[in-house]
Amino acid sequence: KEINKVNNTELDWNKWRNLALTDGSVYYFAVYSGEQLVGEIFLHDIDWNKKVSLVGYHLFNAQNRGRGVGTKALQLLQQYVRRETSLKELTIITNQDNIPSRKIAEKCGFIYTGSSREDAQRVVYEWKI
């Protein structure tokens with residue numbers, strides 16, 4: 001496990017990659033900058049009946065942040081979802097103090113919808129397709 005220094009939460013990113021191998025509600029994608037693996041982005045908790053999914057993303061090293069890599073990864077995921085799935089809505093839930101994550105969501109057209117019902121320290125962004 002790793003500690004996310006932005007919001008001091010434990011991260012277990014292997015969980016999502018491993019779930020994607022066996023669980024149809026997780027689609028996992030590696031993020032590269034050139035030929036270097038720099039992060040990951042994934043759809044999770046996909047509900048094919050309601051046509052909704054949560055989105056998670058993470059850049060592994062600070063030097064790759066602030067360069068548009070996360071924004072490009074989310075834009076590519078949005079293109080994939082539009083072209084290859086029947087999903088109609090994506091949701092990002094992030095800590096309210098995770099400004100970089102919030103900026104990525106906003107740059108990609110996700111709309112801030114308020115605080116999470118489960119945790120007031122987290123905020124919700126939605127993108128309707």
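The model shown is predicted, which means the values in this text are computed figures rather than measured ones.
One N or O on the side chain of Arg102 and one on the backbone of Gln96 form a donor-acceptor pair closer than 3.5 Å. Judged purely by atom type and a 3.5 angstrom limit, Thr113 uses its side chain to pair as donor or acceptor with the backbone of Val124. Put simply, the side chain of Arg82 never gets that close to the backbone of Ile129: no donor and acceptor are under 3.5 Å apart. A donor-acceptor contact shorter than 3.5 Å is absent between the side chain of Asn95 and the backbone of Asp97.
Put simply, SG on Cys108 and NZ on Lys103 are 14.0 Å apart, with the number rounded to the nearest 0.5 Å. One distance of note links NZ of Lys107 with CG of Leu74; it measures 11.5 Å at 0.5 Å rounding. Taking CD1 from Ile41 and CD from Gln75, the interatomic distance works out to 10.0 Å, rounded to the nearest 0.5 Å. Going from atom OG1 of Thr91 over to atom NE2 of His44 covers 9.5 Å, rounded to the nearest 0.5 Å. Note that CZ of Arg122 is 11.5 Å distant from OG of Ser115, once rounded to the nearest 0.5 Å.
Here the side chains of Asp47 and Ser53 are not in contact, with every heavy-atom distance at 4.5 Å or above. Within the 4.5 Å cutoff, the side chain of Tyr125 has heavy atoms near those of the Glu106 side chain. In this structure, the side chains of Leu43 and Leu77 come closer than 4.5 Å at one or more pairs of heavy atoms. For the pair Glu84 and Tyr27, the minimum side-chain heavy-atom distance is 4.5 Å or more. For the pair Val123 and Thr94, the minimum side-chain heavy-atom distance is below 4.5 Å. Residues Glu89 and Glu126 are in side-chain contact: their nearest non-hydrogen atoms beyond the backbone lie under 4.5 Å apart.
The only member of Ile46, Leu90, Asp45, Ile92 that meets side-chain contact (heavy atoms from CB on, under 4.5 Å) when paired with Leu54 is Asp45.
With sequence neighbours excluded, no residue satisfies ring pair (Phe, Tyr, Trp, His ring centres under 6.0 Å) with Tyr32. Residues satisfying the side-chain contact (heavy atoms from CB on, under 4.5 Å) test with Thr85, not counting sequence neighbours, are Trp48, Tyr80, Val81, Leu87.
Between Gly70 and Leu59, the shortest heavy-atom contact is N-CD1, 3.9 Å.
Residues Glu40 and Tyr57 bring no donor and acceptor atom of their side chains to less than 3.5 Å of each other.
Taken together through direct or relayed side-chain contacts under 4.5 Å among Ile, Leu, Val, Met, Phe, Trp and Tyr, Val38 and Leu76 form parts of separate hydrophobic clusters. In the hydrophobic clustering of ILVMFWY residues, with side-chain heavy atoms under 4.5 Å counting as a link, Val26 and Val52 come out apart. Hydrophobic clustering (ILVMFWY, side-chain heavy atoms < 4.5 Å, transitive): Tyr28 and Ile93 are in distinct clusters.
Within 6.0 Å of CZ on Arg117 lie no more than 12 heavy atoms contributed by other residues, nucleotides or ligands.
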Notebook entry, point to check: Please walk me through it: do Arg67 and Ser33 pass side-chain contact (heavy atoms from CB on, under 4.5 Å)?
Noted result: CA-CA 10 Å; Arg67 296 180 33 224; Ser33 180; 3.7 Å; yes

